[in-house]
Amino acid sequence: MSATVERLRAPVADGDRAALLALETAVEARPLGWAALGAEAGWDDGCLLVLRGADGGLGGFASARLLAGTAHVLRCTVAPEHRRRGHGRALLAGLLAWADAAGADAVTLEVRTGNAAARALYAGAGFAEVGRRRRYYADGEDAVLMTRPAG
Ligand SMILES: CC(C)(COP(=O)(O)OP(=O)(O)OC[C@H]1O[C@@H](n2cnc3c(N)ncnc32)[C@H](O)[C@@H]1OP(=O)(O)O)[C@@H](O)C(=O)NCCC(=O)NCCS
């Protein structure tokens, strides 16, 4: 997939809304739906990025929000058929650029301890493991807390 990363801002076109919802439903165990995605597109203190293919379709999305001066990565997801081609890295780079431009003092996130792919992605982007959150997820899995200093 030849693709670019772009910020999706409200109001979101009907086609993008449908594509984003379909993508979220396909890749997330617990899709949050438009109430969450639509809100993310409307944030002034956060950003929702999408991966757009040459055909206009969406192949991934990522979001982050500023809380008390620190940017929190909330999502970073690539459709299974488009993985391992640098798209996750591109989405994350877009979030980090946004966080740096917004003046974030650091960027933080939680990731499942068993999510080796995401942990490697984040480590490669300069995130360090700084702690654990016991039984952070609904199924009882711990989260690794990772932080990247301001860029
Ligand atoms: C994590 C995720 C976003 C990575 O997306 P991707 O487009 O496949 O990642 P990239 O191709 O940009 O890979 C960047 C780096 O991440 C790491 N990585 C990605 N997939 C990996 C895998 N399956 N195993 C090990 N490392 C992996 C590697 O370090 C890779 O660099 P390399 O290709 O030079 O080795 C993707 O696997 C995904 O959507 N997973 C499900 C959602 C998820 O868990 N998101 C994170 C929630 S916190």
Side-chain angles (χ1 to χ4, degrees), residues 1-8 12 16-41 43 45-68 70-100 102 104-151:
M1 182 194 199
S2 153
T4 55
V5 172
E6 68 179 56
R7 185 171 182 178
L8 201 65
V12 176
D16 280 349
R17 173 181 165 143
L20 201 47
L21 281 171
L23 182 59
E24 192 203 32
T25 301
V27 298
E28 300 284 0
R30 294 163 173 257
L32 300 177
W34 193 249
L37 286 165
E40 291 171 30
W43 285 338
D45 59 351
C47 93
L48 173 63
L49 302 180
V50 294
L51 187 72
R52 191 181 296 283
D55 63 356
L58 302 185
F61 54 95
S63 67
R65 191 177 198 185
L66 278 176
L67 289 170
T70 299
H72 294 263
V73 175
L74 304 171
R75 312 169 184 255
C76 185
T77 301
V78 174
E81 65 272 27
H82 300 310
R83 288 180 189 166
R84 297 316 303 259
R85 285 177 229 162
H87 296 316
R89 185 185 290 119
L91 282 166
L92 183 59
L95 289 183
L96 295 178
W98 168 81
D100 290 341
D105 54 20
V107 184
T108 66
L109 58 86
E110 286 94 11
V111 57
R112 286 178 180 270
T113 51
N115 193 343
R119 288 175 67 173
L121 168 68
Y122 297 134
F127 283 80
E129 297 188 5
V130 294
R132 298 249 168 165
R133 297 197 196 283
R134 296 273 298 154
R135 302 184 64 79
Y136 181 78
Y137 296 99
D139 61 6
E141 188 170 353
D142 293 352
V144 177
L145 181 61
M146 302 185 80
T147 299
R148 168 197 171 269

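One is the number of the first residue; the rest follow in order along the sequence. Counting convention: from 1, in listed order, for ligands and their atoms alike.
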Which residue and non-hydrogen atom of the protein lie closest to atom 37 (O) of ligand 1, and at what distance in Å?
Arg83 CD, 3.5 Å

Flag, side chain of Glu24 to backbone of Gly33, donor-acceptor distance under 3.5 Å
yes

Of the protein's non-hydrogen atoms, which lies at the shortest distance from atom 47 (C) of ligand 1, and what is that distance?
Tyr122 OH, 3.9 Å

Taking atom 6 (P) of ligand 1 as the point of reference, which of Gly60, Ala93, Gly88, Ala62 owns the nearest heavy atom?
Gly88

Which atoms of ligand 1 sit under 4.0 Å from any heavy atom of His87?
7 (O), 12 (O)

Decide yes or no on side chain to side chain contact (heavy atoms under 4.5 Å, CB included) for Leu37 and Arg75, but give the supporting numbers first.
CA-CA 11 Å; Leu37 286 165; Arg75 312 169 184 255; 3.7 Å; yes

Are any of the N/O atoms on Asn115, whether in the backbone or the side chain, positioned under 3.5 angstrom from an N/O atom of ligand 1?
yes

Given Ala29, Ala79, Gly86, Cys76, which one has a non-hydrogen atom that is nearest to atom 10 (P) of ligand 1?
Gly86

What is the nearest protein non-hydrogen atom to atom 18 (N) of ligand 1, stated with its residue, atom name and distance?
Ala117 O, 3.6 Å

Just so I know, are the side chains of Val50 and Asp16 near enough to count as touching, which here means a heavy-atom distance under 4.5 Å?
no

Any donor and acceptor pair, going by atom type alone, linking the side chain of Glu129 with main-chain N or O of Val144 inside 3.5 Å?
no

Using a strict 4.0 Å threshold on nitrogen-to-oxygen distance, state whether Asp139 and Arg30 make a salt bridge.
no

min-distance protein heavy atom vs atom 39 (O) of ligand 1 -> Val78 N, 2.8 Å

Please check whether Ala116 reaches ligand 1 - meaning an N/O of the residue sits under 3.5 Å from an N/O of the ligand, judged on distance alone.
no

Note: ligand 1 atoms sitting under 4.0 Å from heavy atoms of Arg89 are 12 (O), 14 (C), 15 (C), 30 (C), 31 (O), 32 (P), 33 (O), 34 (O)

OH of Tyr136 to OG1 of Thr113: how many Å apart, nearest 0.5 Å?
13.0 Å

Taking only heavy atoms of Thr77 into account, list the atoms of ligand 1 that are under 4.0 Å away from them.
39 (O), 42 (C)

Identify, for atom 4 (C) of ligand 1, the protein heavy atom at the shortest distance, and state residue, atom and that distance.
Leu121 CD2, 4.2 Å

With heavy atoms and a 4.0 Å threshold, my read on which part of Arg85 contacts ligand 1 is backbone

Please check whether Arg84 reaches ligand 1 - meaning an N/O of the residue sits under 3.5 Å from an N/O of the ligand, judged on distance alone.
yes

Interatomic distance, Asp142 atom CG to Arg133 atom CZ [nearest 0.5 angstrom]:
11.5 Å

Starting from atom 29 (O) of ligand 1, locate the nearest protein heavy atom and write down its residue, its atom name and how far away it is, to 0.1 Å.
Ala120 CB, 3.7 Å

Is the shortest side-chain heavy-atom distance between Tyr122 and Val107 below 4.5 Å?
no

Mind running side chain to side chain contact (heavy atoms under 4.5 Å, CB included) on Trp98 and Arg7 for me, showing each step along the way?
CA-CA 10 Å; Trp98 168 81; Arg7 185 171 182 178; 3.9 Å; yes

So, does Arg83 use its side chain to make a donor-acceptor pair with the main chain of Val78 at under 3.5 Å?
yes

